[in-house]
Amino acid sequence: MRKPWLAISWRLLRHELRRGELTVMALAVMLSVTAVLSLSIFSERLQAGLLERSAEFLAADRVLRSREEIDSEWLLKAEQEGLEVAQRVTFNSMVFANNELALADVKAVSELYPLRGELKTALEPFVEGEVTQVLPQRGEAWVHSGLFQQLPLALGGVIEVGEKTFTITRVLTQEPDAGFNVFTDSPTVLIPYQDLAATGLIQPGSRVSFNYLFAGEPSNLERYEEWLLPQLDTLTQRWRSVRDEESPLSSALERAERFMLLASLLGVVLAATAVAVAAQRYCQRNYDAVAIMKTLGGTRPLVSRVFTAHLLLLTLFSVAAGLALGFVVQAVVVWCVQSQLEYSLPAASASPWWLATLTGFLCALMFSLYPLLRLMRIPPLRVLRRELDGSELARWLHWIVSGGTVLLLMWLYSRSLILSVALFAGGLLATVLLLGIGRLFIRASRQAGMQAGSSWRLAMAGMQRRARQNSVQMLSFATAIMLFLLVLALRNELLDDWQSQLPETAPNYFVVNVAERQVDDMNAMFAAENIVATDLYPITPGRLMAINGDLVRDAVSKEERDDSNVRDGFGRELQLTWRNDLPPDNDIIAGRWFEPGEQGVSIESEVAERINVKLGDALTFRIGADEFTVPITSIREVNWNTMQPNFFMIFSPEAVNNAAATYIASFYLPQERKHELYTLFRDFPQASLIDVDDIIQQIRSVIGHVSLAITFVMFLVVLAGSLVLVAQVQATLEEREQELVILRTLGARSHLLSRAVTYEFLILGALAGLIATLAMEIIIFLLQTQVFSMEPSVHWRFWLLGPLLGAGVVAVLGGLTCRRLLRQRTATLIRNLV
Amino acid sequence: MAIIQAHSIKKHVVTSAGRLDILAEINLAIEPAETVAIVGASGSGKSTLLALLAGLDLPSEGHVSIDNVNLSNLDEEERAILRGDKIGFIFQSFLLIQSLTALENVMLPAELAGTENPEQQARELLEQVGLGDRLTHYPNQLSGGEQQRVAIARAFIGKPAILFADEPTGNLDRATGATIEDLLFELNQKHGTTLIMVTHDDRLAQKCDRIVRIESGCLQEAEYA
């Protein structure tokens, strides 16, 4: 069967594409598809990559930690589900060598360990190790460099762990799951699981942590999780995945993810706006074609089919082009980022493709729906009466459909109804405000313009004449500029925030277990060797016994509540410290720091909230055999992301009466001086060193490629914004054309007209920029305080940047778009009009 | 037997200033193959009458019949089909679709009517109007006279029984206008089409069999040329 409408559609599309008449519409759809596809693929791959990388820090995808050995059936079940299983038993124990002893972290591991990440070993202490695929054989132990410093050890020598003697065959330089807790880490002694029983250290009641490591396909893991979780004893067993990690890395990532999500959501909304504007114009341009077709015998269903097919074909073309471009863009970005990463990014799933395709079709079809319906209602009589434009169709329909689509897109993209509705409602409010302010400005500017020269007067008159249209236009300009400023400001804030936390000289080593008598020597050594170090903080384990005289349950501290491996082994104890001055990166949010001679405790704000205490409450602690009660004199906010010793409780020195303590500090040692460590700390045999360089490097690399990603998002937002501007200016071209004809015919010279057009856009842009800055400040304040938990700030630079940027960009884009009109001869213009 | 008949048609619109009468009671019968010029001053109601006779609009009172079919009894779709079957149009502003080539513009009515192989007919018609070498040009690449020739070719492709022309030479210079007039009448004669033409141009009106003059919405007289 012949389908004449399809042939007509196809022909129209082909010619219009070739002649560039659909460029803005096609570009807008393409951009939205490109943006969604590249962003979702990129962020999915990045996330999966980071998750894989983080899994290495667990040495597995999931870990079951238990105080006792688990039922072997659980492991059997895991293997049946296709998971890899390994075991790791850890405990602290004194180890002996040549009649000297030191506290070590004994780790007995089974075959297959580690399931994720790598072990590195060397043949001498404190050097870079090499990746190894094997594990210590029975009777062998691998010992961490730190222990060589504390005990007279040598490769080939022996070390006693409990009742068993092991031969030291390698120096352990890196374990994936070394953890990061400066208080608890003792040097590791790695032994085979089969030798564990022979040590005789596993007795009922001994503080041992049994860890069962699992790795495998996500779906298998989930199935196993579903089966296992209901059976766990929540008091003694804990199921952990990398997502649960509380680390500076995860909080940095979380912020980055939120930012990416928000920014790309804004990008998509911008692209959608461009589609909406372009769709309107697309339909307006076809009013005549519809009237002609109807006059020549085309029925409404036939004409509807022609234009629906036209739109569908256009959408199909744009979506396909957008998908191709998006794939290329993300591949290029990944390629750029890859060089910075030490690991490769896994491939993305199919869902970004679906999401992008859906976005393209939703944008193109839903935003065109109202203009298209109006187009179909164009009466044939328009061929004689040019003013007929089907305008009787209710406009609220347009707003509902467009608003609904934006909301749907937001939800599809964020999968968070709350975030979508909040953003949408905020956007709606901002729209109404911007529209109102825009009109006010335009009205006010007319007054000012009347006193100006002729080009200015013409520009002002032009603005005034198109007041309604201009306030809508200004709204899109302002929205585009605002979103750009918003993304720019947030990006700077985030990066500054991260950079300030991890400056080049962020401490990369912790030294713990420093004896009191060696504090002065160590400070002297730091000074003599030019090493930037924090103060040495005294620490002593203690317990919180009562609040205002009421005995407390034990599980109140962060250490206890969260049994991640870095805090295990301390049970109910807190690490307590005391000092005269407030440590850096601590802010008092209530109360005041200790007066000299005062007794009191300063408590970290989150802990205060959790145990529900306030200023003035009396806390009773026990350190060793001593119990004492002190009032809370201040509540502090602590930046946990800094690489320095941080504490929940800080006492005034008088309160603890100089209890026995060891000391801790962190310091920065450049990579090239790493080999000096051994000699530097030779005089401090009982002090332990903890290397956090790896973690810092990892955070740096994450920040590095996240900032790249953010720049990429910004680029997309700029593109989408420009497209909105061009689409908007194009939408007013016909009217401008008429005006130009009249003014030209009346003798206005072209440089006067071109200046008038430029001025009009300059004013519009500057006003839009000003409004955008105001709106940006309000929104960023809300985001900083509500979403990113950052300090609110005012962005003075943007008050200059916003209007200048607005004026510049809008004038250039507007001028360029109108240039075609200004260059045409009057006769041509007139002919185009009739 | 008249091909078009206007039975006491009136047209008025309601504006904010009240009811505005555009056409008073008009009766008119046009015979097959007759050529009729509707003349009158600007705003006299000529174009409104043309719209009513062509079924582009419906009268407020009375009715128009084409081939004894009462247009008021047809809905918009049926009127569109009837126009496609029986009527061709030529407009002052040519009204070609800008994104279609000359050839495709001419093919359009035939395609809308589902005619087989419209391209061959369109080529022949464009040859006849002297645009055989301009088939792939877009309207904006053609002069005004050339655009009107494309419009004439388009009007004749469906072999219409009736041709409505609204100021067909109004946008053209005298020489080009004369060529277009000749072409129009020549094709009209060849196809035996009924021609109803709205014009300001008395000279052009004189070429028609009959001249109908409208003044202030009233049919003043019917002269035979």
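Just so we're on the same page: letters track the sequence lines, and every chain starts at 1.
Contacts between A:Arg14 and chain B at a heavy-atom distance below 4.5 Å involve the side chain alone, from C-beta outward. For a residue to count as touching a neighbouring chain, one of its non-hydrogen atoms must lie under 4.5 Å from one of that chain's; by this rule B:Glu76 touches chain A with the side chain only. For B:Ala113, no part lies under 4.5 angstrom from a heavy atom of chain A. Contact annotation for B:Arg79: neither backbone nor side-chain heavy atoms come within less than 4.5 Å of a heavy atom of chain A. When heavy atoms are compared at a cutoff of 4.5 Å, B:Leu82 does not approach chain A at all.
Checked against B:Lys46 for a side chain to side chain contact (heavy atoms under 4.5 Å, CB included), the options B:Val198, B:Leu23, B:Asp166 give a single hit: B:Val198. Partner of B:Leu53 under the side chain to side chain contact (heavy atoms under 4.5 Å, CB included) criterion, out of B:Thr48, B:Ile38, B:Ile66: B:Ile38 alone. When each of B:Thr194, B:Ile152, B:Thr193 is checked for a side chain to side chain contact (heavy atoms under 4.5 Å, CB included) with B:Asn188, only B:Thr193 meets the rule.
Taking A:Val383, A:Asn286, A:Val306, A:Asp288 one by one and counting their heavy-atom pairs under 4.5 Å with chain B, the maximum is reached by A:Val383. Taking chain A as the reference chain and counting heavy-atom pairs below 4.5 Å, the highest number among B:Ser47, B:Ala155, B:Ala110, B:Pro109 is found for B:Pro109. Taking chain A as the reference chain and counting heavy-atom pairs below 4.5 Å, the highest number among B:Ala80, B:Gly158, B:Ala54 is found for B:Ala80.
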Going through the checks in order, is the side-chain contact (heavy atoms from CB on, under 4.5 Å) test met by B:Leu172 and B:Thr179?
-> CA-CA 10 Å; B:Leu172 303 173; B:Thr179 321; over 6 Å; no

Could you check A:Arg285 against A:Met25 for side-chain contact (heavy atoms from CB on, under 4.5 Å), going step by step and ending with a plain yes or no?
-> CA-CA 12 Å; A:Arg285 286 191 45 256; A:Met25 175 82 172; over 6 Å; no

Do B:Gln128 and B:Lys190 pass the side-chain contact (heavy atoms from CB on, under 4.5 Å) test, and can you show the C-alpha distance, the side-chain angles, and the key distance before you say yes or no?
-> CA-CA 12 Å; B:Gln128 286 178 39; B:Lys190 185 172 160 192; 3.2 Å; yes

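One finds a salt bridge joining B:Glu119 and B:Arg123 here, because a Lys/Arg side-chain nitrogen approaches an Asp/Glu carboxylate oxygen to under 4.0 Å.
Using a 4.5 Å heavy-atom cut-off against chain B, the contacting residues of residues 291-305 of chain A are A:Ile292, A:Met293, A:Lys294, A:Thr295, A:Leu296, A:Gly297, A:Gly298, A:Thr299, A:Arg300, A:Pro301, A:Leu302.
Relative ring orientation between B:Phe89 and B:Phe91 is described as parallel, the plane-to-plane angle staying below 30° on a 0-90° scale split at 30° and 60°.
Using modelled atom types, one finds no donor on one side chain facing an acceptor on the other under 3.5 Å when comparing B:Glu146 with B:His137.
Under the rule for a salt bridge (Lys or Arg N to Asp or Glu O under 4.0 Å), the partners of B:Asp67 that lie at least two apart in sequence or sit in another chain are B:Lys86.
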